[in-house]
Amino acid sequence: MAILESLNKEQKEAVCHYEGPLLILAGAGSGKTRVLTHRIAWLIEEKEVNPWNIMAITFTNKAAGEMRERVDQLAGDEAGRVWVATFHSTCVRILRGFIEMIGYGKNFTIYDSDDQKTLMKEVCRQLQIDTKKYRERMFLSAISAAKNEMISPADFQKQERDLFQNEMIARVYAEYQKQLAGNNALDFDDLLCKTVELFRSCPDVLAYYQERFRFIMVDEYQDTNKVQFEFVSLLASKYRNLCVVGDDDQSIYKFRGANIGNILNFEQVFPDAKVIRLEQNYRSTQNILSAANEVIRHNKGRKSKTLWTSNGDGCKVDFREFLNAQEEAEYVSGAVSQMVRQGDCRYGDCAVLYRTNAQSRLFEEKFLTANIPYRIIGGVNFYARREIKDLLAYLKTVDNGMDDLAVRRIINVPKRGIGAATIAKVQDYALSHAMSFYDALRAAKEIPGIGRSVSKLNSFVTLIQTLRSKQEFYSVKELLEDIAEQTGYIKELEEEGTEEAKERIENINELISRTSVYDETAEEPSLSGFLEEIALVADIDSAREGEDRVLLMTLHSAKGLEFPQVFMVGMEDGLFPGYSSVVSDDPTDLEEERRLCYVGITRAMKHLTMTGARMRMIRGETQIHMISRFVQDIPEELLSRGDSGEGGPLYRGSTGKGGAKERAWGGERAYGNGALPHEGHAYGGQMSGDDALFPRRSPDHQTSAYQQKREAFRARAYNTQQFEVKKSDGLSYKEGDTVRHVKFGVGIVQKITEGGRDYEVTVEFERFGVKKMFAAFAKLQKL
DNA sequence: CCATCCACGTTTTTT
DNA sequence: ACGTGGATGG
């Protein structure tokens, strides 16, 4: 049968497992996604399982998207009915239906970590806890840990009384949870916890989903925590058709509660589980794999396995050490330029992986000067930017008036002359009358001592009410545009006129275009739906396929991805492995770092370069580091250290920064031999102009040379995009053609109009009626 | 009520 | 080095 072709023996065995628990230990690059998707197809075609009864669950939207696509390709028409989603979005969808049974409103909002911190600050203020002495972060991580272990505030109070500090945490936890509920809000951890709570307290809801999801597959099982385990166990407990895929060597999320025991003990929990190991790697060369094996070998308490490949040895792993981080970045940028110039690879084949987000800056600078197209994944999330959060707070307020945090955020943004004193009075009133902040605003004139501010508060309330009344017949986009207009938010920024304000306006425009994409692609667009969708996206999810640009990201973000050319940078003890894991008395901290290194190495397909710097600025302090112990773990015969032996440091004094100290090192022995001389080269990559879409804010107002470069680069990126769209004639279809849309199916193009950046296409679909959409997003296919 | 200045601290990693 | 958040002065 066709599904089984192109699979090896173990893969086939896994795919053709029908009922009962199954554990697939899938080494890096061993084709686990393939196995999962093929198994889904096999169940549907061979065993005639109803796609409706199959669930595949992942951690990231990106993984879910990939799986969705591949399932759709493999399993035919009915594949769309397979449930493919992340843990969090699955829980949200379940909760949207049934959360009222555990005392929340259906249109609850989801708090991100920023919101959590704001709320925690409020909690501490009310409990009169000095946040200088006890940080919000401390409480939040304690609470998160408790939630991941499914310890309720009440349990916490009971069991943790022995420790002095825990008594306080228990109080904070209880109050935090109370206020969340008061705001009709859930934090990330709650999404899982509340779903499990729902299942436990409402057996018929659980029964419904058990019946619905008769076949469950979990990806990246090594990263599940206790709640997730519970969630999956509850769902699977009836039919026991649970298939988990994972690699204990790639467990890298202990810090957020991942319990490696879930995968290590799977066979104890499910004694009848079938276990299959996938050890043949299809991704990397033997040298890269050997390096990875050598590094991970030092960990104890793992299911030992050794990856092998028939790919051949390939080239050795490059290792280069430099005097400082500037030279390191310059080397990487030079190496990328050279490889692309020689035609060895494209920009998009290269990835730079680092331990901490802060390391991205230097590379960004060097890539900018070298005209290398790049994209940084992670860092400051688009949706975390101030102007975006402000506007979203308006949307949330319109959607859910109980979300005090959102209301308080915008009550005086833009400035309405409502000050802290007034806000405090409203707050007190709301508290003493057990009403939401917004309801207190509506009753402003009852509030004692509020004086002349009443009229200001009233006009705010009127504004929100007007927006609410429009919500019914407005699309999300129209609503947002209305808000940006009515509140004078954009106007205020325009008047400011600074670079920074312009970037913010651009960001807002980007947000508006995202709402319009949402309006066009969502099955049932709604305000709550939009807010929900963006609450659950991480930056990695926006990395588009097929862009020809170097990707920069943390090692964590890189999990699940692969690249022909990988640069692992900052290979220094104290940075990677991180300082705290080196000094920790818990040896498993270091093991987690080692797994992270293993993940990094195994991302590489053809060529891996590791680099490190002797000196590096960290938080304004220059530190001197040793070569990472992980590099030392790799035997010499697998390494190439460049043409060592002669010549001084190539980059002495070339970076302008670092001054005296750097020069003092200049007299030292040479590091960084074989570094490529830096040559700027003509910009040649295709761009899709996302730098124009995702502008990054710069802290200072005066334009530094660096920033000017950036501006120039961005302008160019933008132009290139316009050029491309027009030149290529852009569209493969014209008015009157029949086209296919991923979601809407077949339709006839009625009209094509040229918008600013893109073509706006009007299509009449057979089943969905007339839709307007942007060509670049709609990806219409001519039939 | 708002703008400006100063002091402080800073979890590696993210749904 | 950097941003945040608090205090202070207009």
Side-chain angles (χ1 to χ4, degrees), chain A residues 57-64 85-92 110-114 116-118 121 130-132 135-138 140-142 144-145 147-148 186-193 220 223-225 227-228 251-258 353-362 377-381 383-384 386 412 415-423 452-453 456 532 534-541 553-559 570 572 574-582 584 589 592-593 595-597 599-600 616-622 657 697-700:
Chain A
I57 202 153
T58 66
F59 276 84
T60 66
N61 295 301
K62 182 156 200 298
T86 63
F87 273 104
H88 289 86
S89 61
T90 301
C91 289
V92 171
I110 301 166
Y111 278 2
D112 65 17
S113 46
D114 256 19
Q116 284 181 292
K117 209 175 151 199
T118 312
K121 199 178 274 170
D130 182 6
T131 53
K132 288 234 166 83
R135 298 192 188 299
E136 300 98 321
R137 295 292 292 267
M138 187 271 285
L140 284 171
S141 52
S144 176
K147 286 183 177 178
N148 285 333
L186 302 184
D187 64 21
F188 277 125
D189 299 318
D190 281 339
L191 295 177
L192 267 305
C193 294
E220 307 281 11
D223 286 326
T224 50
N225 59 30
V227 205
Q228 286 159 339
S251 164
I252 55 175
Y253 283 110
K254 194 174 80 163
F255 70 92
R256 77 172 187 216
L353 309 182
Y354 36 78
R355 182 65 239 269
T356 67
N357 276 308
Q359 288 168 261
S360 67
R361 253 198 61 198
L362 278 176
I377 307 286
V380 197
N381 191 331
Y383 294 106
R386 197 212 307 168
N412 198 31
K415 301 256 180 308
R416 298 188 176 91
I418 301 170
T422 308
I423 295 175
R452 287 174 293 123
S453 299
K456 296 173 189 162
E532 168 185 322
I534 63 177
L536 299 174
V537 298
D539 234 24
I540 181 80
D541 305 327
M553 68 185 95
T554 62
L555 288 153
H556 282 88
S557 306
K559 194 167 72 158
E572 301 141 37
L575 184 63
F576 186 37
Y579 177 73
S580 49
S581 69
V582 174
S584 166
D589 286 348
E592 171 127 329
E593 296 278 308
R595 290 194 292 268
L596 191 55
C597 183
V599 167
R616 179 181 299 270
M617 269 284 232
I618 293 177
R619 292 203 276 270
E621 240 181 318
T622 304
K657 273 190 175 179
R697 226 181 290 133
S698 176
D700 50 346

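Proteins get letters first, then strands, A, B, ... in listed order; numbering begins at 1 in each.
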**Student:** For A:Leu362 and C:dA1, what is the distance between atoms CG and P respectively, to the nearest whole Å?
**Tutor:** 13 Å
**Student:** With heavy atoms under 4.0 Å as the rule, sort A:Asp112 into base, sugar-phosphate or nothing.
**Tutor:** nothing
**Student:** Output all residues satisfying side chain to side chain donor-acceptor pair (under 3.5 Å) with A:Thr86, sequence neighbours left out; order by chain, then residue number.
**Tutor:** A:Ser89
**Student:** In whole angstrom, what separates A:Asp190's CG from B:dT15's P?
**Tutor:** 18 Å
**Student:** What nucleotide, of B:dT12, B:dT14, B:dT11, holds the atom closest to the side chain of A:Thr356?
**Tutor:** B:dT12
**Student:** Ignoring backbone atoms, establish whether A:Ser580 has a side-chain N or O less than 4.0 Å from OP1 or OP2 of B:dT12.
**Tutor:** yes
**Student:** With heavy atoms under 4.0 Å as the rule, sort A:Glu592 into base, sugar-phosphate or nothing.
**Tutor:** nothing
**Student:** To the nearest Å, give me how far apart NZ (A:Lys456) and P (B:dC1) are.
**Tutor:** 6 Å
**Student:** With the criterion set at under 5.5 Å between ring centres and under 30 degrees between planes, would B:dT13 be stacked on A:Phe255?
**Tutor:** yes
**Student:** Residues in ring pair (Phe, Tyr, Trp, His ring centres under 6.0 Å) with A:Tyr253, at least two apart?
**Tutor:** A:Phe255, A:His556
**Student:** I need the CD1-C1' distance between A:Ile618 and C:dC2, as an integer number of Å.
**Tutor:** 15 Å
**Student:** Is a donor-acceptor contact shorter than 3.5 angstrom present between the side chain of A:Arg256 and the base of B:dT13?
**Tutor:** no
**Student:** With sequence neighbours left out, what residues match A:Gln116 under side chain to side chain donor-acceptor pair (under 3.5 Å)?
**Tutor:** A:Tyr176, A:Asp187
**Student:** Would you confirm whether A:Glu593, through its side chain, and A:Ser581, through its main-chain N or O, come within 3.5 Å as a donor-acceptor pair?
**Tutor:** no
**Student:** Find which nucleotide of DNA chain B each of A:Thr422 and A:Arg355 is nearest to by heavy atoms, and output the residue with the more 5' nucleotide.
**Tutor:** A:Thr422
**Student:** Send over the distance from A:Asp114 CG to B:dT15 P, rounded to a whole Å.
**Tutor:** 15 Å
**Student:** Polar pairs (N or O, both sides) under 3.5 Å between protein and nucleotides 2-10 of chain B?
**Tutor:**
from	atom 1	to	atom 2	distance (Å)
B:dT10	OP1	A:Arg135	NE	3.0

**Student:** Which residue lies toward the 5' end of DNA chain B, A:Ser581 or A:Thr86, if each is placed at its nearest nucleotide?
**Tutor:** A:Ser581
**Student:** Rounded to the nearest angstrom, tell me the gap between atom OH in A:Tyr383 and atom P in B:dT15.
**Tutor:** 14 Å
**Student:** Could you check how far CD of A:Gln359 sits from C1' of B:dT12, rounded to whole Å?
**Tutor:** 9 Å
**Student:** Name the residue from A:Leu186, A:Leu191, A:Leu192 that meets the side chain to side chain contact (heavy atoms under 4.5 Å, CB included) definition with A:Phe188.
**Tutor:** A:Leu191
**Student:** I would like to know whether A:Met553 and A:Leu353 meet side chain to side chain contact (heavy atoms under 4.5 Å, CB included); could you show each step before the answer?
**Tutor:** CA-CA 5 Å; A:Met553 68 185 95; A:Leu353 309 182; 3.7 Å; yes
**Student:** Is the shortest side-chain N/O distance from A:Lys121 to OP1 or OP2 of C:dG5 below 4.0 Å?
**Tutor:** yes
**Student:** Could you state the atom-to-atom distance from CG of A:Leu575 to P of B:dT12 in whole Å?
**Tutor:** 11 Å
**Student:** Only counting residues at least two apart or in another chain, list the ones meeting side chain to side chain donor-acceptor pair (under 3.5 Å) with A:Asn357.
**Tutor:** none
**Student:** So, is A:Ser144 close to the B:dT15 phosphate, meaning a side-chain N or O under 4.0 Å from OP1 or OP2?
**Tutor:** no
**Student:** Classify the nucleic acid contact of A:Tyr253 as base, sugar-phosphate or nothing, counting any heavy atom under 4.0 Å across all strands shown.
**Tutor:** sugar-phosphate
**Student:** Considering every strand and a 4.0 Å limit on heavy-atom distances, what is the contact class for A:Ile252: base, sugar-phosphate, or nothing?
**Tutor:** nothing
**Student:** Of all residues at least two apart in sequence or in a different chain, which pass the side chain to side chain donor-acceptor pair (under 3.5 Å) check with A:Arg416?
**Tutor:** A:Tyr394
**Student:** Within less than 4.0 Å of OP1 or OP2 of B:dT14, is there a side-chain N or O belonging to A:Ser113?
**Tutor:** no
**Student:** Can you check whether any acceptor in the base of B:dT14 is under 3.5 Å from a donor in the side chain of A:Thr554, or vice versa?
**Tutor:** no
